[in-house]
Amino acid sequence: MFYEPGVTDHGLFHDPFKACVIPRPIGWISTKSPSGACNLAPYSQFNNLTFDPPYVMFSSNQTPQNTRKDTVVNVEATGHFVWNLATYPLREAVNITAEQVPYGVDEFERAGLSKEQASLIDVPMVKESPVKFECVYHSTLRLPGNPPMGSVDVIIGRVVGVHISDEAINEQGLLDVRRTEPIARCGYYQYAVIRETFEMVIPGLDESLLKGLEGSARGNRELEERQKKEGGGDGEQ
């Protein structure tokens with residue numbers, strides 16, 4: 001089959017577009033309004049962007065009333081947000097926090113979740129979540145779309161603090177997905193839970209490139225120091 005989105009009909013009962021890009025990490029984003037109201041909401045269009053320093057992004061479509069989501073309003077007003085890992089044991093709470101409620105309603109309380117204060121920013125975190133990123137707002141990329149919900153705000157933030165539960169680290173010093181059981185968004189109303197992984201190392205890559213693929217800030221800094229020494233100390237190549 002072939003169709004042009006928004007131009008020709010795909011002929012299916014449900015739109016297949018989001019089902020083609022799976023699984024998608026869930027951006028379970030907590031914020032605080034300027035007046036102190038706590039907010040928590042999941043966004044299925046979320047990912048990391050780079051690693052030294054680390055940046056993440058999430059995108060938020062307009063509401064059915066053609067207004068911006070509470071999360072976007074709070075992030076731009078305060079300059080801070082937290083990403084909380086959405087896990088299988090917390091799946092029902094994640095779903096509750098996706099409900100559309102009036103601005104100022106505390107989704108932590110509605111979902112029965114405990115708050116944990118972030119270390120560097122004034123934002124509550126989901127205490128029950130095993131991994132959390134404290135983020136400082138960087139910028140918004142607004143992509144135009146068809147009303148009422150088509151336009152989207154892409155929020156980019158720099159990660160300034162990382163919380164990982166000790167129980168999530170295995171004996172090899174790795175963050176073990178079998179212990180965290182992260183959930184991911186699939187198509188339609190489907191989700192996936194990750195409990196198994198397999199490993200592949202790209203052949204022929206040197207150690208520096210492998211460190212980049214791993215996302216090692218330490219490896220990147222070591223490479224920078226070597227390049228400075230090899231280039232006579234000025235760091236230029």
Side-chain angles (χ1 to χ4, degrees), residues 23-63 68-87 90 93-94 97-98 103-109 111 113-143 151-166 168-169 175 177 180 182-185 194 212 214-221:
R24 300 191 304 279
I26 295 174
W28 204 13
I29 308 298
S30 55
T31 59
K32 181 183 282 189
S33 74
S35 64
C38 299
N39 182 272
L40 178 64
Y43 295 87
S44 67
Q45 290 155 146
F46 165 87
N47 222 311
N48 68 309
L49 295 172
T50 185
F51 64 95
D52 188 22
Y55 283 84
V56 295
M57 60 74 63
F58 68 93
S59 63
S60 172
N61 284 89
Q62 299 283 97
T63 70
R68 306 174 92 190
K69 297 281 182 65
D70 297 348
T71 302
V72 173
V73 173
N74 288 347
V75 170
E76 292 187 342
T78 66
H80 300 134
F81 66 91
V82 169
W83 169 74
N84 307 270
L85 181 65
T87 67
L90 297 173
V94 173
T97 62
Y103 185 65
V105 171
D106 190 325
E107 284 88 355
F108 283 85
E109 294 180 0
L113 294 165
S114 304
K115 295 173 185 171
E116 180 180 15
Q117 181 62 35
S119 299
L120 303 176
I121 60 177
D122 185 19
V123 176
M125 307 185 298
V126 177
K127 185 175 182 180
E128 293 85 351
S129 177
V131 183
K132 280 90 73 169
F133 292 170
E134 299 186 30
C135 304
V136 173
Y137 171 67
H138 178 271
S139 57
T140 301
L141 173 63
R142 187 166 174 82
L143 301 178
S151 294
V152 65
D153 295 304
V154 181
I155 303 296
I156 298 172
R158 179 168 58 90
V159 179
V160 296
V162 177
H163 301 258
I164 301 176
S165 169
D166 292 340
I169 305 297
L175 179 60
V177 298
T180 59
I183 58 174
R185 193 74 162 86
I194 301 173
E214 176 188 324
S216 171
R218 179 188 302 169
N220 190 49
R221 304 294 173 85

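No experiment lies behind these values; they were computed from the predicted model shown. Any value given below was found using the heavy atoms of this structure, including those in side chains, with hydrogens, waters and symmetry copies removed. Numbers for residues simply follow the sequence, beginning at 1.
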**Q** Carefully, step by step, assess H138 and Y55 under the rule ring pair (Phe, Tyr, Trp, His ring centres under 6.0 Å).
**A** CA-CA 9 Å; H138 178 271; Y55 283 84; 5.5 Å; yes

**Q** Show your reasoning for whether side-chain contact (heavy atoms from CB on, under 4.5 Å) applies to L175 and V131.
**A** CA-CA 10 Å; L175 179 60; V131 183; 4.2 Å; yes

**Q** Which heavy atom in T180 sits nearest to a heavy atom in P130, and how many Å separate them?
**A** CG2-CG, 4.0 Å

**Q** Of all the heavy-atom pairs spanning N74 and K32, show the shortest one and how long it is.
**A** CB-O, 3.8 Å

**Q** Hey, are the side chains of K132 and L85 touching, using non-hydrogen atoms and a 4.5 Å cut-off?
**A** no

**Q** Say you draw a straight line from CG of D52 to CZ of R218; how long is it, rounded to the nearest 0.5 Å?
**A** 12.0 Å

**Q** Would you say that S151 contacts N61 through its side chain, given a criterion of any heavy-atom pair below 4.5 Å between the two side chains?
**A** no

**Q** Measure up the F81 and F58 rings against each other and bin them: parallel (under 30°), tilted (30 to 60°), perpendicular (over 60°).
**A** perpendicular

**Q** Decide yes or no on side-chain hydrogen bond (donor to acceptor under 3.5 Å, both in side chains) for E134 and H163, but give the supporting numbers first.
**A** CA-CA 8 Å; E134 299 186 30; H163 301 258; 2.5 Å; yes

**Q** Check the pair T71 / N39 against side-chain hydrogen bond (donor to acceptor under 3.5 Å, both in side chains), numbers first and verdict last.
**A** CA-CA 7 Å; T71 302; N39 182 272; 3.2 Å; yes

**Q** For the residue pair E107 and C38, establish whether any side-chain heavy-atom pair is separated by less than 4.5 Å.
**A** no

**Q** Which atom pair, heavy atoms only, marks the closest approach of S59 to V152?
**A** CB-CG2, 3.6 Å

**Q** Check I164 against V162 and note the closest heavy-atom contact, atom names and distance.
**A** CG1-CG1, 3.8 Å

**Q** Is the shortest heavy-atom distance from the side chain of Q45 to the side chain of R24 under 4.5 Å?
**A** yes

**Q** Do the side chains of Q62 and R68 get nearer than 4.5 Å, heavy atoms only?
**A** yes

**Q** Using side-chain heavy atoms (C-beta onward) and a distance below 4.5 Å, is H80 in contact with V75?
**A** no

**Q** Any non-hydrogen side-chain atom of V73 less than 4.5 Å from a side-chain atom of Y103?
**A** yes

**Q** Which heavy atom in P124 sits nearest to a heavy atom in S30, and how many Å separate them?
**A** O-OG, 2.7 Å

**Q** Determine the minimum heavy-atom distance between S129 and N84, stating which atoms define it.
**A** OG-C, 3.7 Å

